[in-house]
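To start, the structure under review is shown below, and the notes come after it.
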2 protein chains.
Amino acid sequence: MTRPVHRVAPATDTPVRQESLRAHNLSLTFRQIVGAPAPISRIELAVATGLTRPTITRIVDELLAGGLIVEAAPSRSGNSGRPRVGLSLAPTGPAGLGLDIRVDALSACVVDLTGTVRHLAFAARPPAAADALARLAEMGRAAMAAAAAEDLTVVGTTLAAPGPVENASVVRFAPVLGWRDVDAGAALRPALGEVTVDHDAGLAALGELYASAPALRNFVCVSGEFDIGAGIVLEGSLLRGARGWSGSLGHVAVTADGPECACGATGCLQHYAGLQQILGASPASAAPAGGPATASVPVLAPAVAIDTLVSSGDTATLAALERAGTALGVALSALVNIIDVDTVLLGGSYSLLASWLIEGVERELNRRVLTASWAPVSVRPAPLGPDAAVIGAALSAIDRVRQDPNSWLARA
Amino acid sequence: MTRPVHRVAPATDTPVRQESLRAHNLSLTFRQIVGAPAPISRIELAVATGLTRPTITRIVDELLAGGLIVEAAPSRSGNSGRPRVGLSLAPTGPAGLGLDIRVDALSACVVDLTGTVRHLAFAARPPAAADALARLAEMGRAAMAAAAAEDLTVVGTTLAAPGPVENASVVRFAPVLGWRDVDAGAALRPALGEVTVDHDAGLAALGELYASAPALRNFVCVSGEFDIGAGIVLEGSLLRGARGWSGSLGHVAVTADGPECACGATGCLQHYAGLQQILGASPASAAPAGGPATASVPVLAPAVAIDTLVSSGDTATLAALERAGTALGVALSALVNIIDVDTVLLGGSYSLLASWLIEGVERELNRRVLTASWAPVSVRPAPLGPDAAVIGAALSAIDRVRQDPNSWLARA
DNA sequence: GAGTTACGTCAATGTCTGTAACAAATTAGC
DNA sequence: GCTAATTTGTTACAGACATTGACGTAACTC
């Protein structure tokens, strides 16, 4: 009756020594602390992990010495007796650095072990790739300095890029930036050390995942920037695909014999639900559609412009939004039919336009998803919205420590 | 530079004791023997696993005593000295039982540890669900008896069903069989013991995976029976989706405003590429399209009928096949854009019609998949074809022992 | 002060590792 | 044909390490 698990790949392909045993149990205990909604005591940890108290004592000592956790004020367990000492993640120590390059802005973000955003900065994007990367490197160094001032050490950096990435370093193709085969990882490494480059849609989904944890475990997060991407999370882990290029939702066909798309195919979702297309629907819109922001706050110029148009009663834009919602629903139906997730988050710019899109999306999902009649798909705006990618990037960097605290303890 | 892995779910959520250490290393060693293309010696195992020779000796003794492996004839290693003793999987001992219920036939299959098909039987499908399940139970018992006669013990049974399954037991919805909420697992359990019920498309993909191992690790296998399903394998493990309902390719929209489908939506792939639709294209076809087979061999009546029509120069059918290939290509492009696999296998009935479909599928994939220009998708017929689901079901049953030999050793 | 709960400490147990030395089976050379 | 060298596999024993289980200590309520 248990859910079957199939794989040809071995569960773990390394031999286990007594030493790894210790590391495993330490990691297991630490993950319990990470996942706990409130400070957790040693006794509770022993129950949760199945380890004995003495072992927990030893492991907790090690984590305390390494600065990964702190003892909180003794908490009442209701009964009499010695009160439990709460353990929670340290607000200092390791931190993750996230960088994001969007059409309209660059951003940098530092997140600590607890998942709290400790630093978040934005800047305009210089048009040239080299300039943008240089600016990002500066922002990264500034963020690291700001982190150091708060007793945080950046242990990993992730860059979110709007396109498929190879070897966690080279951006193969990012039409909205005009990039092709840009080795962003190599460009940033001299200034920032090891950098992992990843697709922004996936990182945005991770951001929403961590921010919502443990509420959401299976969902897709549609990042409506200029490129429509989907980050798919199954059982709390990001679906990356064979080569890490999953989630190209923008070029799923909505109508196979529809109008031609810039990619060469016909009837792509991008044509119906792209921001540029929605904006272009109204003759009133003279928006530059993608000009760099100049302020030090995140500006989603196109989404804001659309919002303004609709609020002022522009019927053409309203109709375009209706079309976009329907098309998005068709493409998402394909996605849900193919991979079966139960929740759809409208992220990125779409989170700002959700109220106009959600109806069309839900209608198509209910019509087209085979299992929707007895297990409806939930659609809602993504809580983190346009900042999900930077935050997700930072979280994905710090998450390596959260999943394997031994790496931090070894170097401390 | 290593590929990032993200998850909120813990790597392993159980504590590790000294005892589990032994079990882990035994399992690790056994998987090496499973994965080895030829009999492997103790020395080679020591190198492959990273364990020491004495440890390997002890583990191998245990596996030999448990009857999971056998010593083969000493093999030449080229050099002088004592020849290596090859170790390979035992052809006796545990076996997996697979059952499949198709429109046109029932089948049962026994596979041993080595992955060899030791028994394969077919029968006509009685129209009523209860009768079909009773017949399957008989076939299962006969297969178990046949297995026992060859010193095989069935350790697990899997049933492949043409529709979404809940709790590994209840078939929610199988339109081609006229089933709705049939608890197939419960029906078979009295006769066969514990039975796992699973979607046929996924099991077919597993069949192709195990049969091809280690060649394929990331692919989708389209099962063209009456319902078009897709089994998706990523990194050697089956993508199941949040509730195990992934792979409903048949109801992906090819043309959002296309003709109405039986499911209530419009423009579904099923309408363009379903066997019934292809057959229906020709006025010459008076085929009953789905009548039960009566012979004791697998009869794919519709596929054979199509084949006959085309061979006799029926242009309407040829045109229908062309449309089907194109539509399939559109839907598969959506799938590949969304989850990024590098290989498409045309399975089930499509494997028999592959030569007429493959051109259209490849054309659309090359046009529509964003990454196809620098990383083309390979399309080919599935080697196991229509029998992949039964074989995959049996393999998935025996695979539990292959992944964790301790379960077998504990009971032997 | 008694009772209760939380936490720390210590010897005992069991597992793997490493380093041996040893036995077995074959080839190479005289 | 016999001996030496070579490679493979087994056995033995000390050492290291982590968990366990039992016992002892700390802190708080009634």
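We use all heavy atoms of the structure for the numbers below, so side chains are in, but hydrogens, waters and symmetry mates are not. Proteins come first, then strands; the chains are lettered A, B, ... in the order of their sequence lines, and each starts at number 1.
- Distance CD1 (B:I43) to P (C:dA24): 17 Å, rounded to an integer number of Å.
- As rounded to whole Å, 15 Å separates atom P of C:dA24 from atom CD of B:E71.
- For A:R58, a side-chain nitrogen or oxygen approaches OP1 or OP2 of D:dT19 to under 4.0 Å.
- Remark: A:T55 is not in phosphate contact with D:dA18, judged by side-chain N or O atoms under 4.0 Å from OP1 or OP2.
- Remark: P of D:dT19 and CZ of B:R22 are 18 Å apart, rounded to the nearest angstrom.
- Between B:L51 atom CG and C:dT15 atom P there is a gap of 15 Å when expressed in whole angstrom units.
- Summarising the geometry, the separation between CD on A:E62 and C1' on D:dA18 is reported as 11 Å, rounded to the nearest angstrom.
- Electrostatic pairing of B:D61 and B:R58 does not count as a salt bridge here, judged by no charged N lying under 4.0 Å from a carboxylate O.
- For D:dT19, one of the phosphate oxygens OP1 or OP2 lies less than 4.0 angstrom from a side-chain nitrogen or oxygen of A:N25.
- Between B:R84 and C:dA25, a side-chain N or O to OP1/OP2 separation shorter than 4.0 Å is absent.
- Contact between the side-chain N/O atoms of B:R53 and the OP1/OP2 oxygens of D:dG9 is not found at any separation under 4.0 Å.
- For D:dT8, its base sits under 3.5 Å from the side chain of B:R82 at one donor and acceptor pair at least.
- A salt bridge links A:E62 with A:R22: the closest approach of a Lys/Arg side-chain nitrogen to an acidic carboxylate oxygen falls below 4.0 angstrom.
- Between B:I56 atom CD1 and C:dG18 atom C1' the separation is 15 Å, expressed in whole Å.
- Between the B:R118 side chain and the B:P91 main chain, a donor and an acceptor come within less than 3.5 Å of each other.
- Closest contact between the side chain of A:R42 and the listed nucleotides D:dC28, C:dG8, D:dG9 involves C:dG8.
- Ionic pairing of B:R84 and B:E71 is not present here: no N-O contact between side-chain nitrogen and carboxylate oxygen is shorter than 4.0 angstrom.
- B:I59 places its CD1 atom 15 Å from the P atom of D:dG9, with the value rounded to the nearest Å.
- With sequence neighbours left out, B:S88 forms a side chain to side chain donor-acceptor pair (under 3.5 Å) with no residue at all.
- Between A:S41 and the phosphate of C:dA6, there is no side-chain N or O to OP1/OP2 separation shorter than 4.0 Å.
- Remark: C1' of D:dT11 and CG of B:D61 are 11 Å apart, rounded to the nearest angstrom.
- For D:dG9, the OP1/OP2 oxygens have no side-chain nitrogen or oxygen of B:T57 closer than 4.0 Å.
- Among the protein residues, B:T52 comes within range of the sugar-phosphate backbone only, with heavy atoms under 4.0 Å from sugar or phosphate atoms but none that close to a base.
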